[in-house]
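Read through the structure below, which is laid out as structure tokens, and then see the notes.
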Amino acid sequence: MRSGLAGAWKPGTAKPVPQAVAVEDLNDETSFTIHASVQKQRHQLSVYKQRDNLLYLVENHGTTIVVAETGSGKTTQIPQLLVEAGWAEGGRTIACTQPRQIAAQTIAARVAEEMRVTLGTKVGYSVRFDEVATRGVTQIKYMTDGVLLREMMSDPLLSSYSVIMVDEAHERSIATDILLGLLKKIIKRRPDLRIVVASATMDIKAFHDFFDTSREKLQNSIHRESVPNRSPAVLSVEGRTHSVLIHYCDKPVQDYVRTAVSTTIAIHKIEGPGDILVFLTGQDDVNAAVQMISEEAEKLPRALVALPLYAGLPASDQELVMRPSLSGRRKVVLATNIAETSVTLPGIVYVIDSGFSKQKFYNPITNVEALVAAPISQASADQRAGRAGRERPGKCFRLYTEDAHAAMRPERLPEIQKGNLLSTILQLKALGIDNVMQFDWLAPPPAELMVRALELLFALGVMDGHAKLTSPLGHQVSELPLDPMSAKMLLTAAQTGCQKEGLTIAAVLTVQTIWASGRERKEMDEARAQFAVAEGDMISYLNVFEGYLHVKNRNQWCYENCVNYHALAKVAKVRSQLSTLLQQLGGPRQQQHDGDVKLVAKAVTAGFFPNAARLEAEGGNTYRSLRGNQELFIHPSSVLFRASPKWVVFQSIIFLERHYMWNVTAINPAWLTELAPHFYQLKG
DNA sequence: TTGTGGTGT
């Protein structure tokens, strides 16, 4: 480095391109060993085809389980090669799962173009609300991991598929983790099923060992004949990334937002052309940094344009960062984690990595979910650095010391170990996994998270004393794409003649908030007050949705009423899907009690009774949770903030300076003992 | 007395 940055930064080290097998080392029918540390035996593999400097291998006997560490192109090409190998014949389909909808859709479109076929014929995709595929015709189907998981509920052996390729396995989404566990289970009954696990992580041992059942075979002589040898083949394919020079700070950084700003300015002054990507933790950090850089940039001779990027940003603002910068101008994008995997920006040559991201932590004892800025993993740090080397060699400035980097956990924590497991456990039950504690997890969630989930499912009445789904409630709840408390609320509402209201509330609770962001607080309070009713937030949403439905220009109406148009559009979509599912579950039900909000509030209580709280003293604003006796407050944005009703139920708790209840409904305490006598008893 | 890292059915 030249002067300016040199003082603060340790000399950089060039990050090597990931270890890969050189293409020229391999010939047809060559027997070879890759990743010697992982492989205990050699695999007979045949080179199937070579294209674009990428290599694809297919094991030439038995079931193929390829754990592939691959570069760009594998997602589009491996499935095509499998089709050419004849694995999609006889009406069978090759499935390729992705953790994100947008990836499934765009990759499918690209492959259809490469194969010169119409999307939806030989190549298709399936994501929620949008399936473009033809049964019996589609040979390659790109789909979200969640869609395949849902399909397993009606077809547990995935009988229409010949190959399942689980892509981006290193991201460890909840659906992918469950899928891998279930696949390992079903290959015992489907010896013809091929599985390809594609992961970008350097540490592929976890996936390899997970599918390596050769040891189990020795241990279990009863199954010796029926279980084929399944030591997975490991395939490593070179990714086409450029080297990225990595710099560390020589001492810990006090304020990573300020340091990110000063480093940006220094890069702009000293370094050659190329845009800058800065990883920060949240909206506040991003907006503060944008402001600071914009002020600094005014004093500089060469133009530097600062742009924010986070998921909550309106779509039009997100498009701004995708545009190439004008000549002579340098662009700096201040982003959250969204730029790590979900959004790929063109033109980035410099990356500044704060070393932090916001992560969700759930405390099963207090039932509190908190979002806190925490150090990232080494894998995430690599991923962030790699964003600088997509088009040409780049540089990455880490706002932490080399020692701090060494202290980071190597891999990111799987999502399944962090969150509330209610839906996950229920889904496994519905898939016939009776003993979830003994499920073959790729990484088991903490036992206390599982126990807590099982207790709550029992309390809700969806699971019986033998840990089996109840009938019909347990099965119905598992069929609905909702968290179990919302699902029970909806089913109760449908039973008691207020299905319409139940559908709206359940749909609204699937979005983070229906309110617009970035407005003045006073304006927001006034807008909310127009829809507010004494029963609370959830019932007030009914008024918002009614208003939205009955105007011509919804976009304008949303703007005028401080409502998020995109959120309500999604609510409408989810609501109609739920309505269809409800009909399939129990036939059409009569809407008997139009507008009886007491009945609706009672249905809300039937679902959310485990989250009940009581006002501590008349005239005060402190609540205590009935379960856990925790001090709680109504969130100031709630329509009940000033009303302080004596008894409430809530959707969730947010931890800020205090513990706040979110989405609050006022209830009659008699409902608690009536609806959940096993959970609440009257005192004295 | 005022929030939202990122996904998904």
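Throughout, protein chains are lettered first and strands after them, A, B, ... in sequence-line order, and every chain is numbered starting at 1.
Looking at the side chain of A:N337, the nearest of the listed nucleotides B:dG6, B:dT4, B:dT2 is B:dG6. For A:V127, counting side-chain heavy atoms from C-beta on, the closest listed nucleotide (B:dT2, B:dG6, B:dT9) is B:dT9. Of the candidate nucleotides B:dT4, B:dT9, B:dG6, B:dG6 has the atom nearest to the side chain of A:I338. Taking only side-chain atoms of A:Q283, from C-beta outward, the nucleotide of B:dT4, B:dT2, B:dT7 with the closest atom is B:dT4.
Residue A:L371 is classed as a base contact, given a heavy-atom separation below 4.0 Å to a base. No contact: A:F633 has no heavy atom under 4.0 Å from any strand. Backbone-only contact: A:Q101 has heavy atoms under 4.0 Å from sugar-phosphate atoms and none from a base. Among the atoms of the strands shown, only primed sugar atoms or phosphate atoms (P, OP1, OP2) are found under 4.0 Å from some heavy atom of A:S342. Nucleic acid contact class of A:D525 (heavy atoms, under 4.0 Å, all strands): base. If you check every strand for non-hydrogen atoms under 4.0 Å, A:R521 touches a base.
A:K360 has its NZ atom 13 Å from the P atom of B:dG8, to the nearest Å. As a whole-Å value, the separation of A:D537 CG from B:dT2 P is 17 Å. Rounded to whole angstrom, the span from the CG atom of A:D130 across to the P atom of B:dT9 amounts to 10 Å. Rounded to whole Å, the distance from NZ on A:K418 to C1' on B:dT7 is 11 Å. Between the CD atom of A:Q98 and the P atom of B:dG8 there is a distance of 11 Å, rounded to whole Å. Taking atom CE on A:M143 and atom C1' on B:dT9, their separation rounds to 12 Å, with Å as the unit. Between the CG atom of A:L428 and the P atom of B:dT9 there is a distance of 18 Å, rounded to whole Å. Put simply, CZ on A:R412 is 12 Å from C1' on B:dT7, counting in whole angstrom units.
Atoms OG1 and CD, on A:T176 and A:Q98 in that order, are 9.0 Å from each other to the nearest 0.5 Å. Taking CG of A:L469 as the start and CD of A:Q476 as the end, the distance is 11.5 Å to the nearest 0.5 Å.
For A:D167 and A:Y142, the side-chain atoms include no donor-acceptor pair closer than 3.5 Å. Judged purely by distance below 3.5 Å, without hydrogens or angles, the side chains of A:Y256 and A:D285 pair a donor atom with an acceptor atom. Side chain to side chain, A:R387 and A:T344 meet the donor-acceptor criterion of an N or O pair below 3.5 Å.
Contacts between residues 171-181 of chain A and DNA chain B, defined by a heavy-atom separation under 4.0 Å, are absent.
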Counting only pairs under 3.5 Å, give me each side-chain donor-acceptor contact of residues 641-649 of chain A, with atom names and distances, residues two or more places apart or in other chains.
none

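For the side chain to side chain contact (heavy atoms under 4.5 Å, CB included) criterion with A:I178, the lone passing option out of A:L442, A:T424, A:I433 is A:T424.
For A:R150 and B:dT9, a side-chain-to-base donor-acceptor distance below 3.5 Å is present, hydrogens and geometry of angles not being considered. Contact of A:K358 with B:dG6 (side chain to base): no donor-acceptor pair of N or O atoms is detected under 3.5 Å.
Enclosure of atom OH in A:Y559 is not indicated, since only 12 or fewer non-hydrogen atoms of other residues, nucleotides or ligands lie within 6.0 angstrom. A:R519 CZ: more than 12 foreign heavy atoms inside a 6.0 Å radius.
The phosphate of B:dT9 (OP1 or OP2) has a side-chain N or O of A:T144 nearer than 4.0 angstrom. For the OP1/OP2 pair of B:dG6 and a distance below 4.0 Å, the side-chain nitrogens and oxygens of A:T336 include at least one atom meeting the criterion.
Of the two residues contacting DNA chain B, namely A:P481 and A:G312, the nearest-nucleotide position lying further toward the 5' end is that of A:G312. Checking A:L309 against A:L482, the closest nucleotide of DNA chain B that is more toward the 5' end is the one next to A:L309.
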